[in-house]
Amino acid sequence: MNPVVVTSAGKVRGTSRDGISCFRGIPFAAPPEGPLRFRPPTAPPAWDGIRDALALGAAPPQPAPAPGAPAMWRPGNGLDCLTVNVWTPDPGAATLPVMVWIYGGLWKHGSASMPHYDATALAGSGVVVVTFNYRVGFEGFGHLPGVPDNRGLHDQIAALQWVRDNIAAFGGDSGNVTVFGQSAGAASAVLLMAAPAARCLFRRAIAQSIPAGVRTRTEAETITATIAQAAGVPATWDGLAGLPPEALLAVQDAPLHTHEDGFSAFGPVIDGDLVTGQPWAALETGAGRDVDLVCGFTHEEYRGQGPAPAAGVDPELVAEAVGLGKGAATAYRRAHPGLTDTDLCTVMLSDALVRIPTTRVARAHARAGGLTWLYDFTWRGPTLGAAHGIDVPFTFGNATSRYATRFLGSPPPSDFADLSGQLQTAWTSFAATGDPGWPRFTLDQPATRIWDLPPADTFYPLEASRQIWESAASA
């Protein structure tokens, strides 16, 4: 029999298979359309009777993730995207640990409906898993005068409030919630740790590959002006809200073709409220100290994010491009004497994009007295090595999705199940007890879990890189 659960907005009917009950597409906020477009989320309308929660909700508006890749959103999908999905091994338990996933995607892509986020296997480890959609691109992170910034982060908080108010009905313990996410989702988790509006909504966080990248108010205003000019409308709520989502998507990358660098024009905007600086900045003040944190990176973070550095590339130019001063490339060469210039640049770019930002988060949280664990995912896949995002299939135990085969090939390597099982055990153990199974990271004893087969524990492996970046920051 399909299970029925009572939520704050009405009853929902899910499905049950192989001991896991799943409820899909439950609204946690009203559709952000009409007068609610570009506004913070509001409560969803209630319904009578029993609502079928059998299908994943529509993705938020976004372009196709890559040429040839299937589109996650189409114009007919509209803006009704703020929904949650719940996987539970026991709806009647009310005491199971809860894990809430925040997807990544450069702040402009992503959806909980992506097949690699199916949480059936993870929930089978004895946890309630929640995934949800939040607005991305201009819909979620575009700046508009008179409108609160960071609507995507406000969506995330609204989803966590829904979890607090409803998860007991699905077997979960609202007092034992772990937020976990990758890339932009990892940065979101860290920002929410320090945000007053998210206080007491979760007690632990797992941040997989934390990038740098926030926008000042001035930068965000310039981005909006460029997009509005490309669309031929005023840079106001009236001007941009009058555009259908597909028209806005057609021009939202315009800043990348003019004065903006990088992969995305969007990111959290420093608003003095939810976002006060880079993800590690607020942690340095002690904010979020009461949230336990596991964080880490894949060993070759740049792989899979951008084109490989060209043969003959000058490491000095790459060092300058990522904000390091003169002499940094020489210091990198001294630390990695056997690497080609191409591989050395991959190391620098991996550090710049994720490994050093994640290190700064770990050190800031540990310095403030927060319980901290660090890892380095070094297992190398057959196609892209230890690339950015390779840890996601291991996290969810899904080896055959389109996303997974990009990293794992098909069929997946024979040792996938072993490492995935060990990683899931660590994540779910942390969610249940606060202990992922390896020594804590402190400034005096910077223990680091190496995720490979077999897993190993060592001291922080990137000390040479950290010192180069610290020297550049203090110069």
Side-chain angles (χ1 to χ4, degrees), residues 99-106 109-110 112 114-119 121-122 125 127 129 131 178-190 204-211 293-305 346 350-351 353-355 357-359 361-362 373-409 412-413 415-431 436-438 441 448-457 461-462:
M99 300 183 69
V100 182
W101 175 254
I102 307 178
Y103 53 74
L106 295 169
H109 297 297
M114 290 178 163
H116 47 287
Y117 299 142
D118 183 284
L122 188 57
S125 299
V127 295
V129 184
T131 67
T178 297
V179 167
F180 68 132
Q182 185 264 347
S183 196
S188 296
V190 175
R204 302 186 181 100
I206 301 171
Q208 303 176 206
S209 300
I210 307 163
L293 173 66
V294 168
C295 61
F297 40 79
T298 66
H299 197 69
E300 300 171 292
E301 286 281 1
Y302 180 68
R303 295 187 186 276
Q305 292 202 69
T346 296
S350 295
D351 285 343
L353 290 171
V354 174
R355 299 199 307 181
T358 302
T359 297
V361 166
W373 290 263
L374 184 68
Y375 71 86
D376 182 358
F377 192 98
T378 63
W379 186 91
R380 303 190 82 252
T383 58
L384 292 171
H388 182 75
I390 193 172
D391 49 334
V392 173
F394 290 86
T395 299
F396 284 89
N398 300 329
T400 59
S401 69
R402 178 189 175 102
Y403 178 95
T405 56
R406 177 171 177 250
F407 300 100
L408 305 176
D415 55 358
F416 171 84
D418 186 358
L419 186 55
S420 176
Q422 294 194 54
L423 184 73
Q424 288 186 339
T425 295
W427 273 204
T428 56
S429 173
F430 179 68
W438 71 90
F441 176 95
T448 305
R449 164 58 58 95
I450 304 299
W451 281 116
D452 205 336
L453 284 172
D457 299 326
L462 306 179

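Heads up: numbering here begins at 1 and tracks the sequence.
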Spell out, as yes or no, whether a donor-acceptor pair under 3.5 Å connects the side chain of Trp427 to the backbone of Phe396. no
Residue set satisfying ring pair (Phe, Tyr, Trp, His ring centres under 6.0 Å) with Phe441, at least two apart, ordered chain then number -> none
For Asn398, the side-chain hydrogen bond (donor to acceptor under 3.5 Å, both in side chains) test, sequence neighbours excluded, returns none
May I ask you to decide if the ring planes of Trp438 and Trp451 are parallel, tilted or perpendicular, using 30° and 60° as cut-offs? perpendicular
Measure from the side-chain N and O atoms of Tyr403 to the backbone N and O of Tyr117, and report whether any donor-acceptor pair falls under 3.5 Å. no
Using every non-hydrogen atom in the two residues, find where Thr395 and Phe180 come nearest and quote the distance to one decimal. CG2-CE1, 3.8 Å
Where do Ala431 and Thr178 come nearest, in terms of heavy atoms and distance? CA-OG1, 3.4 Å
For Trp379, what residues pass the side-chain hydrogen bond (donor to acceptor under 3.5 Å, both in side chains) criterion, not counting sequence neighbours? Asp415
Any residue meeting side-chain hydrogen bond (donor to acceptor under 3.5 Å, both in side chains) with Thr359, in chain and number order, not counting sequence neighbours: Tyr460
Nearest non-hydrogen partners of Glu301 and Ser350, listed with the distance: N-OG, 3.2 Å
Considering residues at least two apart in sequence or located in another chain, which fulfil the side-chain contact (heavy atoms from CB on, under 4.5 Å) criterion with Ser420? Phe394, Phe416, Gln424
Can you pull out every salt bridge (Lys or Arg N to Asp or Glu O under 4.0 Å) where at least one residue sits in residues 379-406? Sequence neighbours excluded, please. Glu300-Arg380
Taking every non-hydrogen atom, the tightest pair across Gly385 and Ile390: O-CD1, 3.2 Å
